[in-house]
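Source: prediction; values computed, not measured. When a residue number appears, it is its place in the shown sequence, counting from 1.
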Amino acid sequence: MFNPAYLVKSRCGVFYLRWPLPKQLHPQKKASTLKLSLQTRDPRKALRLSRSLSQIGERLNEYGIAYGMRYDELRETLTDHFRQLLDKAKAEMNETGPLSELDRQMYETQKRIAKQARKTDTPLSLVKADDELLSRFIDKYDLDIQQDSTEYGWLDREMKLSFHSFVKDVLAYDKSLQRYDFSSPSASDTGTGTQPATTAGMSIADVAAAYSKERQRGNAWAAKTVIEKADHIRLLEEILGSDTDVRRLTAMEAKRVKDTLLAYPRNRSKNPLTRGKPLAEVLGVPNVETIQVATINKYLQTYHELFEWAKQNHHTSENFFSGLTVKQTKRNKDGDRDAYTDDQIRLILQAVLHNKLGLVTKPYQKWATLIGIYTGARLGEIAQLHLTDIRQQDDIWVLDINEDGDRKSLKTSAARRLVPVHSKLIEAGLLDYVQAMTDKRATKLFPDFTYDPKNGWGRQQSRWFNDRLLVQLGLKSKTRVFHSLRHTVNTRLLQAGVADPLVKSIIGHEQDGMTHKQYFKEGFTLQQRNEAMQKLDYGTPTRKPEIAMQD
């Protein structure tokens with residue numbers, strides 16, 4: 001009855017449409033597949049919906065492939081290409097002086113040939129056909145342009161125009177180096193006038209590259225942060241231009257960046273309405289959700305840090321991104337996480353310990369959840385644990401949270417710590433599980449986990465906990481996720497009378513104040529932390545909690 005080529009069924013019984021995306025329509029020129037939930041478990045309804053959607057998909061694929069490259073995208077590519085060549089030519093003249101007479105004559109000849117080629121549609125080169133030149137350009141920039149297409153005609157025409165402009169600019173710069181102009185009054189004489197000539201500064205791209213290299217050299221960023229910062233900087237270069245001199249930036253340009261972020265679409269590279277489109281177009285697409293305020297401020301914080309570094313390293317004299325944030329009240333702040341109630345924690349415990357609903361199908365689903373409930377550790381810290389990280393010290397079982405080993409990383413220096421193992425974890429059989437994995441000669445506590453450069457080791461647990469367990473238990477909300485367990489442990493320990501600095505030492509938060517930062521570097525003893533950890537108690541339910549099943 002079903003066509004397995006495009007209609008699939010999930011483990012929950014919900015039908016999905018899997019539609020192949022040709023590589024011509026993918027931003028990285030890779031064949032891929034789109035997956036769309038049909039939001040039904042009814043086989044007949046799913047088949048009916050998939051038939052109509054597949055027809056739409058075929059038309060979109062045909063239109064997208066036929067549409068090819070945009071005219072403005074082609075011009076942008078040519079502009080970037082010849083701008084790089086012009087910058088290189090200027091740099092050589094700045095170093096060695098004006099063009100030699102032979103080079104100048106060569107450029108003059110190229111100028112005449114380019115002008116003639118534009119007017120009479122003749123080749124740009126006297127020794128190579130235009131088809132060969134255009135093919136090399138298409139290959140160099142991996143353009144999706146075929147001969148005899150409309151786009152190929154654009155490229156032929158615009159190549160001649162842009163090359164002519166490039167040669168003219170080289171000759172103009174050469175001419176400027178052969179004379180001095182003393183007629184213009186200085187700015188100090190008139191109070192206005194033109195600014196005195198200054199040495200060109202570093203481009204945004206060069207400053208960003210130097211900043212990122214230094215931060216990574218100092219291990220200041222985790223792997224996820226490196227990817228996140230690169231995305232932020234890539235957008236900055238798209239807004240202001242990667243070749244823009246950082247010394248010439250103004251407050252208005254910083255404001256333009258902020259205004260762009262306020263209108264910037266969420267999931268730009270994934271949403272079919274915005275994917276692959278120029279920035280100017282995606283900002284005006286209707287009915288597209290924009291990024292959250294917390295995300296906007298993350299971008300702005302990156303730009304503040306970048307230009308503060310540039311200022312300190314004398315690449316610019318002003319940081320126009322300083323203090324440039326979107327204000328929000330604590331109550332409405334994006335990204336807040338709520339702690340679970342004791343009843344909710346007991347509901348989760350019942351589901352993972354007794355598994356009457358059959359939700360736990362992998363060992364990591366049980367043990368990563370229990371460790372989160374009874375330690376408050378970050379998911380990334382839990383997911384990267386090695387078997388050797390669970391050991392005894394001073395007769396106390398601990399989780400050694402460290403960054404030693406296969407692609408392990410910590411968010412901050414305070415995250416490196418020994419976390420006492422709660423007695424409830426031992427009662428549940430954690431040490432038996434560790435021994436069983438040791439007998440299998442495993443090295444990792446959760447060998448099923450795969451590494452993701454952006455999200456580390458815990459992506460599988462996150463998806464299962466947030467999108468399956470919480471949904472089936474009726475606990476799913478925007479403010480309740482796996483990370484909410486960390487907030488829960490923090491809250492319950494404080495409510496149990498554990499001092500705030502001691503709680504911070506257990507869950508790996510930076511300490512406040514000079515006393516703990518400078519004069520209490522040894523920190524709390526393991527015995528103190530263990531006594532505090534055992535105070536974590538979610539109580540005994542007075543009645544059996546009801547499980548709210550959801551579709």
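- The side-chain heavy atoms of P363 and Y433, taken from C-beta on, include a pair separated by under 4.5 Å.
- Residues forming a ring-ring contact (aromatic ring centres under 6.0 Å, His included) with H509 (at least two apart in sequence, or on another chain): none.
- Residues F482 and S462 form no side-chain contact, since every pair of their non-hydrogen atoms from C-beta on lies 4.5 Å or further apart.
- E237 meets the side-chain hydrogen bond (donor to acceptor under 3.5 Å, both in side chains) test with no other residue; sequence neighbours excluded.
- Under a cutoff of 6.0 Å and an axis angle of 45°, K444 and W457 form a cation-pi pair.
- A heavy-atom distance below 4.5 Å is found between the side chains of H483 and H487.
- Annotation: side-chain contact (heavy atoms from CB on, under 4.5 Å) contacts of T244 (sequence neighbours excluded): I204, L249.
- Here L85 pairs with H81, F82, F166 under the side-chain contact (heavy atoms from CB on, under 4.5 Å) rule; sequence neighbours left out.
- By the 6.0 Å and 45° rule, R407 stacks over the aromatic ring of Y451.
- Partners of W464 by ring-ring contact (aromatic ring centres under 6.0 Å, His included), not counting sequence neighbours: none found.
- Salt-bridge annotation for D231 and R234: present, with a side-chain N of the basic residue lying under 4.0 Å from a carboxylate O of the acidic one.
- By the 4.5 Å heavy-atom criterion applied to side chains, Y211 and E305 are counted as neighbours.
- Identified under the ring pair (Phe, Tyr, Trp, His ring centres under 6.0 Å) test for residues 250-301, with sequence neighbours left out: H232-Y299.
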Inset, instruction - For Q534 and N530, run side-chain hydrogen bond (donor to acceptor under 3.5 Å, both in side chains): C-alpha distance rounded to whole Å, both residues' side-chain angles, the deciding distance at 0.1 Å, then the answer. - result: CA-CA 6 Å; Q534 303 311 321; N530 185 47; 3.0 Å; yes

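- Counting heavy atoms from C-beta on, the side chains of P501 and F524 come closer than 4.5 Å.
- Using a 4.5 Å cut-off on side-chain heavy atoms (C-beta onward), F465 and V471 make no contact.
- Contacts of F320 classified as ring-ring contact (aromatic ring centres under 6.0 Å, His included), with partners at least two apart in sequence or in another chain: none.
- Shown here is K424, whose NZ atom has no more than 12 heavy atoms of other residues, nucleotides or ligands within 6.0 Å.
- With sequence neighbours excluded, the residues that form a salt bridge (charged side-chain N to carboxylate O under 4.0 Å, His left out) with E228 are K298.
- Partners of R256 under the salt bridge (charged side-chain N to carboxylate O under 4.0 Å, His left out) rule, at least two apart in sequence or in another chain, do not exist in this structure.
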Under 3.5 Å, sequence neighbours excluded: what are the donor-acceptor pairs made by side chains of residues 365-380?
unit_1 : atom_1 : unit_2 : atom_2 : d
Q365   : OE1    : T361   : N      : 2.6
Q365   : OE1    : T361   : OG1    : 3.4
Q365   : OE1    : K362   : N      : 3.1
T369   : OG1    : Q365   : O      : 2.6
T369   : OG1    : Q461   : NE2    : 3.0
T375   : OG1    : I371   : O      : 2.5
T375   : OG1    : A377   : N      : 3.1
R378   : NH1    : E381   : OE2    : 2.6
R378   : NH2    : G508   : O      : 3.3

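- Not counting sequence neighbours, the partners of E238 by the side-chain hydrogen bond (donor to acceptor under 3.5 Å, both in side chains) test are R268.
- Judged as a side-chain contact (heavy atoms from CB on, under 4.5 Å), and not counting sequence neighbours, the contacts of A210 are W309.
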